[in-house]
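Encoded as structure tokens, the structure appears first; notes follow it.
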Amino acid sequence: MAGRLFVAGVRLGPDLQRSEDHKDWVMFSELGKPDVLPISNYISIEDVQGGEIVGLEEIVGDMIIFMTNGIFRLDVPKANPSSWSLIESEKNIGCNAPKSIVSFEGGVFFTGKDNFYLLNSNFSAVPLTYNIKDIYQKYNNSDTQAIFSPTKKELYLKLGGKSDALYKLSLSRYPD
């Protein structure tokens, strides 16, 4: 994003015996140097419910941080990411499956515990699995995956990593 590499779920320390885990940190590289991640370049996102970062994505230039118990939208200035600011947060909906986060034309699809959502550019999480809610909640877990086919304009959802729990969502009804 903006010429920098952003990573989450940080482990500091050369060995496992003396390492320091920060599951609520996002670190960022030097501008134009994705392999240089100084220890001072971090953003700490505090989720009062104790969640950890599951994934990162970008919507209209803002960073979206998906945590297990919430979603956060940050304004991260290109020149100095350490002067970031929280724009919005949704503390009632989190993401439980990292492989379910998929960008789509100004929005992001992701798996929540109770529903599959489209997070639109207005930062509204729109639930999409009402018709299969019982099945969704039965099979959904951290192994749930979403795959986007841009040519067919379809999203494939594999609930809980099970091959017998596959669903297809046609995205042609969503405006470009």
Side-chain angles (χ1 to χ4, degrees), residues 1-12 20-31 34 37-130 133 136-137 140-148 155 157 159-160 169 171 174-176:
M1 184 173 141
R4 296 179 190 269
L5 173 68
F6 288 83
V7 296
V10 176
R11 171 170 280 168
L12 302 175
E20 200 179 303
D21 290 334
H22 296 278
K23 295 181 179 189
D24 59 351
W25 277 18
V26 175
M27 292 189 73
F28 53 93
S29 72
E30 292 296 312
L31 186 60
L37 291 162
I39 187 70
S40 60
N41 289 5
Y42 73 92
I43 298 169
S44 178
I45 303 298
E46 292 186 33
D47 183 356
V48 294
Q49 297 172 332
E52 62 185 65
I53 296 173
V54 176
L56 305 172
E57 196 53 69
E58 180 182 358
I59 294 181
V60 292
D62 294 331
M63 177 180 287
I64 306 299
I65 299 176
F66 292 93
M67 297 184 79
T68 52
N69 297 317
I71 307 165
F72 301 85
R73 183 177 192 166
L74 305 181
D75 175 29
V76 181
K78 293 177 184 177
N80 184 9
S82 59
S83 63
W84 63 274
S85 61
L86 177 65
I87 299 172
E88 298 177 271
S89 65
E90 171 57 69
K91 296 182 181 182
N92 297 317
I93 299 172
C95 179
N96 67 325
K99 292 182 180 178
S100 73
I101 301 170
V102 175
S103 286
F104 170 72
E105 300 176 4
V108 178
F109 292 100
F110 71 97
T111 299
K113 292 176 186 171
D114 64 335
N115 225 315
F116 188 71
Y117 293 94
L118 169 61
L119 185 67
N120 62 29
S121 59
N122 293 326
F123 202 70
S124 296
V126 180
L128 302 174
T129 50
Y130 281 125
K133 191 170 185 170
Y136 179 89
Q137 290 179 354
N140 178 43
N141 62 31
S142 62
D143 293 326
T144 295
Q145 299 176 19
I147 301 164
F148 174 58
L155 186 82
L157 189 60
L159 295 174
L169 176 64
L171 303 177
Y174 296 97
D176 292 340

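Predicted, not measured: the structure shown is a model, and the values here were computed from it.
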Q) Between Asn122 and Ser124, is there a donor-acceptor pair closer than 3.5 Å when you use the side chain of the first and the backbone of the second? A) no

Q: Verify, without hydrogens or angle tests, whether Asn115 (side chain) and Tyr117 (backbone) share a donor-acceptor contact under 3.5 angstrom.
A: no

Q. Backbone N or O of Arg11 within a donor-acceptor pair of the Asp21 side chain at under 3.5 Å?
A. no

(Q) Is the shortest side-chain heavy-atom distance between Val10 and Leu37 below 4.5 Å? (A) no

Q: Please report the shortest heavy-atom distance between Ala79 and Arg4, naming the atom on each side.
A: O-NH2, 3.3 Å

Q.
Quick one, Val60 with Arg73, criterion side chain to side chain contact (heavy atoms under 4.5 Å, CB included). Give me CA distance, side-chain angles, the key distance, then yes/no.
A. CA-CA 11 Å; Val60 292; Arg73 183 177 192 166; 3.2 Å; yes

(Q) Quick check against the 3.5 Å criterion: does Ser100 have a side-chain atom that pairs as donor or acceptor with the backbone of Thr144? (A) no

Q: Could you check if a side-chain atom of Leu12 sits within less than 4.5 angstrom of a side-chain atom of Trp25, using non-hydrogen atoms only?
A: yes

Q: Would you name the heavy atoms of Phe123 and Glu90 that are closest together and state the gap between them?
A: CE2-N, 3.8 Å

Q: Could you tell me whether the side chain of Ser82 reaches within less than 4.5 Å of the side chain of Phe28, counting heavy atoms only?
A: yes

Q.
Measuring only between side-chain heavy atoms, which start at C-beta, is Leu169 closer than 4.5 Å to Leu157?
A. no

Q) So, the side chain of Asn140 versus the backbone of Gly112: is there a donor-acceptor pair under 3.5 Å, distance only? A) yes

Q) Rounded to the nearest 0.5 Å, what separation is found between the CG atom of Leu56 and the CZ atom of Phe66? A) 9.0 Å

Q) Do Thr68 side-chain atoms and Glu52 backbone N/O form a donor-acceptor pair below 3.5 Å? A) yes

Q | Value rounded to 0.5 Å, distance of CG in Leu155 from CZ in Phe104 | A | 9.0 Å

Q) If you look at every heavy atom in Met27 and Pro38, which pair is closest and at what distance? A) CE-O, 3.2 Å

Q.
Would you compute the distance between atom CD1 of Ile71 and atom CG of Asn92 and round it to the nearest 0.5 angstrom?
A. 10.0 Å

**Q.** Least distance between heavy atoms, Ala8 atom then Ile53 atom
**A.** CB-CG2, 3.4 Å

Q) Are Gln137 and Asp114 close enough that some pair of their side-chain heavy atoms sits under 4.5 Å apart? A) yes

Q. Given Val26 and Trp84, is the side chain to side chain contact (heavy atoms under 4.5 Å, CB included) satisfied, shown in steps?
A. CA-CA 11 Å; Val26 175; Trp84 63 274; over 6 Å; no

Q: Drop me the distance from Ser89's OG to Leu74's CG, to the nearest 0.5 angstrom.
A: 10.0 Å

Q | Given Val102, Leu118, Ile93, Asn96, the one that forms side-chain contact (heavy atoms from CB on, under 4.5 Å) with Phe110 | A | Ile93

Q: Specify the closest pair of heavy atoms between Gly55 and Ile101, including all atoms of both residues, with the distance to one decimal.
A: CA-CD1, 3.7 Å

(Q) Within the structure provided, determine whether Lys91 and Phe72 are in side-chain contact (heavy-atom separation under 4.5 Å). (A) yes

Q: Taking the side chain as every heavy atom from C-beta outward, state whether Asp62 and Glu88 have any pair of such atoms under 4.5 Å apart.
A: no

Q. Atom CD1 in Ile59, atom OG in Ser121: separation rounded to 0.5 Å?
A. 7.0 Å

Q) If you take all heavy atoms of Lys113 and Tyr136, which pair is closest and at what distance? A) O-CE2, 3.9 Å

Q. So how far is it from Ile87 CD1 to Ile64 CD1, rounded to the nearest 0.5 Å?
A. 7.5 Å

